[in-house]
Number of protein chains: 2
Amino acid sequence: MRPATKSPTARSAAKPRRRAARVAAPKPYHHGDLRRVLIDAALQLVGEGGPDAVSVREAARRAGVSPGAPFRHFPNRDALMQAVAEEAQRRFRQEIEAALAEAPAGDPLARFRSLGLAYLRWAMRNPTHFEIISSRRFFDHDKAAEVSRDNAELIELTERTLADAFAAGQLRSADVKQVQIAGRALVYGFARMNIDGHFPRWGVGAAEAERTAEAILDLFIEGIAGP
Amino acid sequence: MRPATKSPTARSAAKPRRRAARVAAPKPYHHGDLRRVLIDAALQLVGEGGPDAVSVREAARRAGVSPGAPFRHFPNRDALMQAVAEEAQRRFRQEIEAALAEAPAGDPLARFRSLGLAYLRWAMRNPTHFEIISSRRFFDHDKAAEVSRDNAELIELTERTLADAFAAGQLRSADVKQVQIAGRALVYGFARMNIDGHFPRWGVGAAEAERTAEAILDLFIEGIAGP
DNA sequence: TTGTGAATGTAAGCGCCGATTACACGGATT
DNA sequence: AATCCGTGTAATCGGCGCTTACATTCACAA
């Protein structure tokens, strides 16, 4: 949207590689894996300036191809954003599962805490990437099967953990579904407040943010824990 | 391609003209109150398609004015969005205060509940307008003094109410600040989950949404309430 | 009443964007 | 070796935010 930085795009003269075929091929007509490179460029753009900062043209520029080239791989900008979201979601899920693998197996509520903490930590450390997977503004979840499935599984995992906690007598309320929604709202709300600039105080040194995140998560868990 | 002057925009505020005898002045060179009309048009656009759907040109089109005209009143698009956000914030705050005026004066925790409920209800019923005041994406809170002040006052009001609740022995935790942040995260999270499409089931009939909102608010309040 | 400057509109145009179309190249299949 | 088709380029379109030059009208003072 914003006037992007001009880039001279220093394109060396495209030469048919008849000679010097081995050393630094100047510019092959066919890009190696343009799709992958475009996603990476877009991911980088998201990281730099948020989802709005992604433009197909800029991604193409960074990939060193013409502005029309990306449309061979993505029918439109939204499709590119979707692919970016899928990549981000994959990383997010990986982090969550890694944290859960280290959590104590016998204590469901502690597992729930680990889950929430991993969620919050990733969201604090990757705010722009979290943003892109969190909202339907930037892509259609219905059409992004992978993101949708990942998300649904994560939600189900949360609910199962809470159900286990209730079965173990660790929850006060029997309405696991509502506890789950409240928990999601809490962590999602905190993550988005961070993204949306509701915590102006902690700028870059996100240590305090993570500490506060942990504190409110514990507050919530104390609130739902049985007597 | 200018569409041959739209309808004369039926100006409500009658302005004394030299020759009143002339009926239906075709198109006055000076618009009555273009600034106001642009804000209304933008508000309508926000309501129709969210903040991204607002374009200065479209607002100008709806106001029946040339594409450059708005820039006499707003230096750029963000400034228009800022004015829109201020209007939305004004309405939001009005709703909150009206609800609080009806809440029982002697029961701080009940007042906190009323506050949260009014917040959630307005957010459910005006999702796009809530969206625009909630995120810094669409305008800079630092430069929107009114929104910022309103918001700060609302936060302070929340914290005061919780402090009263603690003083009355209604809270379990002494850390009012953290309870306040957690509460904000909860309602904000729920509101944004609604906006961001995390509740696909309730589409338009928002009755269930409001019921769920109330339920999780009560769950939270039970959690923070003293024994 | 009339002259004049400020306020506020129009017209035209810049560069960037997403997207489409016609065409060029070259790797893979035969 | 001929050919097909996946994948790139080039050119172009309309929409956008925004700026500049110019036109019109209002408000106020002489």
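Letters go in sequence order (proteins before strands), and every chain restarts at 1.
Rounded to an integer number of Å, the gap from CG of L45(A) to C1' of dG18(C) is 15 Å. L34(B) places its CG atom 13 Å from the C1' atom of dT10(C), with the value rounded to the nearest Å. Taking atom CD of Q82(A) as the reference point, atom C1' of dG18(C) lies 17 Å away to the nearest angstrom. With rounding to whole Å, F71(B) atom CZ is found 6 Å from dG17(D) atom P. Distance N76(A) CG to dC17(C) C1': 14 Å, rounded to the nearest Å. Per the geometry, CG belonging to D52(B) stands 15 Å off C1' belonging to dG15(D), to the nearest Å. E58(A) places its CD atom 11 Å from the P atom of dC16(C), with the value rounded to the nearest Å. Rounded to an integer number of Å, the gap from CZ of R35(A) to C1' of dG6(D) is 15 Å.
A salt bridge does not link E95(B) to R91(B): none of the charged nitrogens lies less than 4.0 Å from a carboxylate oxygen. Using a cutoff of 4.0 Å between basic side-chain nitrogens and carboxylate oxygens, R93(B) and E153(B) are scored as salt-bridged.
S134(B) and R192(B) form a side-chain donor-acceptor contact under 3.5 Å, judged by distance and modelled atom types alone.
OP1 and OP2 of dC16(C) both lie 4.0 Å or more from every side-chain N or O belonging to R57(A). At least one side-chain nitrogen or oxygen of H73(B) sits closer than 4.0 Å to the OP1 or OP2 atom of dG9(C). For the pair R61(B) and dC16(D), the criterion of a side-chain N or O lying under 4.0 Å from OP1 or OP2 is met. An OP1 or OP2 oxygen of dC16(D) is reached within less than 4.0 angstrom by a side-chain nitrogen or oxygen of S55(B).
The shortest side-chain heavy-atom distance between H129(B) and Q89(B) does not fall under the 4.5 Å cut-off.
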